[in-house]
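Quick note on labels: first sequence line is chain A, next is B, and so on, each numbered from 1.
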Amino acid sequence: MTGSTPFYITTPIYYVNDKPHIGHAYTSLACDVMARFKRLDGYDVKFLTGTDEHGQKVENSANAKGVDPQSFTDGVSQNFRDLAAFMGYTNDDFIRTTEERHMVSCQALWQKLLENGDIYLGAYEGWYAVRDEAFYTEDETEKKPDGTRVAKASGAEVAWMEEPSYFFRLSAWQDKLLAFYEANPDFILPKSRRNEVLSFVKGGLQDLSVSRTTFKWGVPVPNDDAHIMYVWLDALTNYITACGYPDTNNEQYQKYWPADVHMVGKDILRFHAVYWPAFLMAADLPTPKRVFAHGWWTNEGQKISKSLGNVIDPIDLVNKYGLDQVRYFLLREVPFGNDGDFAHSAMVTRMNSELANDLGNLSQRVLSMVVKNCDGVIPTPGDYTAEDRAMLDQAYGLLGKVRAQIDVQSFSDAIETIWQVVRASNAYVDQQAPWKLKKEDPARMATVLYVLAETIRNIALLLQPLMPTSMDKMLGLLEIAEGDRSFAFCGEAGALKPGTALEQPEGVFPRFIDHEELDKSYTGDEGSFMIKRALRQNPKTKETVFEILRDNGTVEELLSTDLDKAKEKGALTQV
RNA sequence: GGGGCAGUAGCUCAGUUGGUUAGAGCCGACCGCUCAUAACGGUCUGGUCGGGGGUUCAAGUCCCUCCUGCCCUACCA
């Protein structure tokens with residue numbers, strides 16, 4: 001990959017006080033899809049994720065568990081590595097803020113900011129609430145009748161505190177930041193978020209307290225042991241640490257910095273879109289090219305919170321619906337940047353109607369016909385008709401359109417673009433009716449099936465970043481060699497070779513059928529069995545074919561109507 | 001209080017710089033096909049584009065106003 005264009009993309013480093021949830025999975029997924037896409041498109045990609053392990057909450061959690069902070073974070077950080085592996089993320093590095101390389105990097109950045117006069121020692125004063133671990137301004141507090149002063153927001157008691165603190169001269173960077181946003185209109189996406197940041201900065205910036213003395217778990221401030229660095233200065237620096245900072249002559253730094261995309265949740269946009277570029281400019285370092293703030297998920301229309309107990313565990317989702325199905329849903333259901341709702345019914349509709357019916361069935365019907373009617377090999381096409389040409393043009397035109405959409409993180413649009421071709425392919429199958437051509441004009445049938453196989457190949461190539469496992473299977477069914485799956489092979493360049501032998505195709509996307517009988521066990525004359533899953537269901541009569549597991553280990557099919565009859569007769573009883 | 005975003009078919013949403021009969025998917029009805037994972041295709045039903053006012057030859061698309069919902073308004077992350 002030497003010589004190819006570098007592309008550097010990052011997730012935020014995740015705060016280890018939390019168990020990984022759907023939000024973490026979502027951010028990383030978006031990065032993974034971009035990273036995979038760019039690799040297939042010939043870029044030299046660096047995809048970074050990691051964990052943010054400092055701060056008072058971590059220190060407290062560790063104390064509460066009676067372990068030292070380092071062993072505590074070792075454990076929790078591992079959860080995030082495990083999630084990344086489980087979700088199939090292809091991060092090239094995993095950074096932890098407790099690593100030596102990061103301490104060195106943070107202290108070097110601090111030193112640089114100090115030298116440039118952007119950090120000075122002052123005093124932080126304000127109304128501090130121990131319970132909230134937060135300072136409040138005068139008007140955010142109120143005096144109660146009993147004379148105590150409390151924070152309006154939380155009701156926590158506050159006390160006047162003064163502590164020495166280092167400050168970052170953020171106020172000096174207001175105009176430069178505004179000029180920077182002006183010169184880089186796509187630095188903050190989506191647009192609405194950009195407006196928010198702009199109005200925030202225009203509203204005036206105060207200097208930022210960047211050190212703490214109230215706890216110890218953090219990066220020590222150079223030459224002042226009483227202070228540790230403010231967590232965000234610490235955390236944000238990870239993006240350059242991973243490129244080898246402070247060694248800016250380093251090969252990694254030279255190649256990958258500044259980052260192409262920092263993917264973040266909307267809650268941490270400000271830190272990335274205001275503080276981070278200010279820190280970097282103050283340190284005479286180049287600023288990243290884009291910060292993309294995505295939205296949040298709700299669960300069946302409900303806000304997700306620990307207290308409601310409706311936190312979504314990505315591992316549960318994958319176990320229930322399948323990895324590629326979940327990856328597909330998360331980026332398909334909602335325009336990236338908007339908030340979205342995770343609903344079981346929506347998930348099932350997407351995986352059945354789009355994955356199983358539209359795409360899965362398309363490849364199944366086409367490849368079955370090829371295997372059955374073309375001696376099991378990719379057929380040789382004859383002259384193309386206008387319809388054939390139109391079909392192929394759509395398939396071959398996909399890369400350009402999808403690339404443009406992926407470049408601005410419009411994942412759902414990119415998927416829709418591909419699906420238009422999927423639907424067009426199904427329409428084309430019906431119009432051409434190759435099953436009729438089989439008798440009437442076999443040569444014409446061969447051409448149609450070739451056009452279809454070639455279309456499926458292009459669709460599958462482009463869907464690899466989103467659904468790597470399934471598309472590996474689909475491309476395997478087409479006998480596309482591993483080395484022929486990059487986007488360089490999109491279009492005519494990688495056209496299928498007639499004569500290539502194909503195996504009997506297998507379904508790529510199973511349907512998901514809800515049924516009240518699932519997981520129930522019955523016993524009768526012929527022994528007992530458990531209803532494992534629903535294989536097929538007549539959408540009108542709701543008659544269902546179950547796959548059952550007998551206690552002797554054999555797997556059989558059972559009709560729901562037969563089950564009902566047997567239950568009525570008393571031949572079967574539920575266990 | 002200040003700033004921003006959104007309100008378009010039953011549901012979820014597209015609708016470029018204002019310009020022919022307002023689109024898609026899902027859902028529903030009907031027809032066709034039978035290669036395929038009881039899948040696919042086609043047709044149809046369905047919208048006073050939140051309310052009101054204005055600019056214009058022409059507005060879902062610009063301006064004003066009102067209503068409704070959401071978000072931001074700094075140092076836990």
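Using a 4.0 Å heavy-atom cutoff across all strands shown, A:Tyr275 reaches at least one base atom of the nucleic acid. Nucleic acid contact for A:Gly203: none, since no nucleic acid atom lies under 4.0 Å from a heavy atom of the residue. Using a 4.0 Å heavy-atom criterion, one finds that A:Gln431 contacts no nucleic acid atom at all. Within the nucleic acid shown, A:Lys372 comes within 4.0 Å of sugar-phosphate atoms alone, with no base atom in reach, counting heavy atoms only. Heavy atoms of A:Val274 sit nowhere under 4.0 angstrom from any nucleic acid atom. Among the atoms of the strands shown, only primed sugar atoms or phosphate atoms (P, OP1, OP2) are found under 4.0 Å from some heavy atom of A:Asp358. A:Leu367 comes within contact range of no nucleotide atom at all, as no heavy-atom separation falls under 4.0 Å. Here A:Ala356 lies in heavy-atom contact (under 4.0 Å) with a base. Nucleic acid contact class of A:Asn373 (heavy atoms, under 4.0 Å, all strands): none. Using a 4.0 Å heavy-atom criterion, one finds that A:Tyr15 contacts the sugar-phosphate atoms exclusively. At a threshold of 4.0 angstrom between heavy atoms, the contacts of A:Leu170 include nucleobase atoms, whether or not backbone atoms are also involved. In this structure, A:Ser199 reaches the sugar-phosphate backbone alone: every heavy-atom distance under 4.0 Å involves primed, P, OP1 or OP2 atoms, never a base.
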Would you write the dot-bracket representation of RNA chain B, where each base gets (, ), [, ], | or . depending on whether it forms a Watson-Crick or G-U pair under 3.5 Å and with which partner? (((((((..((((.....[...)))).(((((.......))))).....(((((..]....))))))))))))....
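Proximity note for A:Ser368 (side chain, C-beta onward) versus B:U73, B:C75, B:C35: the nearest is B:C35. Closest approach to the A:Trp435 side chain among B:U73, B:U37, B:U34 is made by B:U34 (side chain taken as heavy atoms from C-beta onward). Taking every side-chain heavy atom of A:Ala427 into account, B:G41 is the closest of B:G25, B:G41, B:C75. Listed nucleotides: B:A74, B:C75, B:G41. Nearest to the side chain of A:Asn426: B:G41. Between B:U73, B:U34, B:C26, one nucleotide has an atom nearer to the side chain of A:Arg270 than all others, and that is B:U73. In the set B:C72, B:G25, B:C75, the nucleotide with an atom closest to the side chain of A:Glu354 is B:G25. You'll find that the side chain of A:Arg365 is closest to B:C35, out of B:C35, B:G25, B:A39.
B:U17 sits 29 Å from B:U73 when the P atoms are compared, rounded to a whole Å. When the P atom is compared between B:U68 and B:C62, the two are found 22 Å apart, to the nearest whole Å. Only the P atoms considered, B:C57 is 32 Å distant from B:A14, to the nearest whole Å. For the C1' atoms, the distance linking B:G3 with B:U12 amounts to 29 Å, nearest Å. Across the P atoms, B:G51 and B:C67 are found 15 Å apart, a figure rounded to whole Å. Using P as the reference atom, B:U16 and B:U20 are 12 Å apart when rounded to the nearest Å.
Listed pair A:Arg511 / B:A39 meets the phosphate criterion, a side-chain N or O lying under 4.0 Å from OP1 or OP2. Here A:Gln206 does not reach the OP1 or OP2 of B:A74: none of its side-chain N or O atoms lies under 4.0 Å away. Contact annotation: A:Lys303 reaches the phosphate of B:C71 (side-chain N/O to OP1 or OP2, under 4.0 Å).
A pairwise comparison of heavy atoms in A:Thr27 and A:Met263 identifies CG2-O, 3.8 Å as the closest pair.
Summary of the strand contacts: A:Asn338 and A:Met369 both lie near RNA chain B, and taking for each the nucleotide with the nearest heavy atom, the more 5' one is attributed to A:Asn338. Remark on RNA chain B: of its neighbouring residues A:Gly204 and A:Asn357, the 5'-side contact belongs to A:Asn357, judged by nearest-heavy-atom nucleotide.
Near-neighbour residues of RNA chain B inside residues 292-299 of chain A, defined by a heavy atom below 4.0 Å, are absent.
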Test log, rule side chain to side chain donor-acceptor pair (under 3.5 Å), inputs A:Thr73 and A:Glu53: CA-CA 6 Å; A:Thr73 57; A:Glu53 310 187 5; 3.2 Å; yes
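For A:Asp407, the salt bridge (charged side-chain N to carboxylate O under 4.0 Å, His left out) criterion is met by A:Lys38, not counting sequence neighbours.
In this structure, A:Tyr321 and A:His344 have side chains that are in contact, with non-hydrogen atoms separated by less than 4.5 Å.
Contact annotation: side chain of A:Asp430 to base of B:G42, donor-acceptor pair absent below 3.5 Å.
The only member of A:Val58, A:Ile228, A:Asn60 that meets side chain to side chain contact (heavy atoms under 4.5 Å, CB included) when paired with A:Phe215 is A:Ile228.
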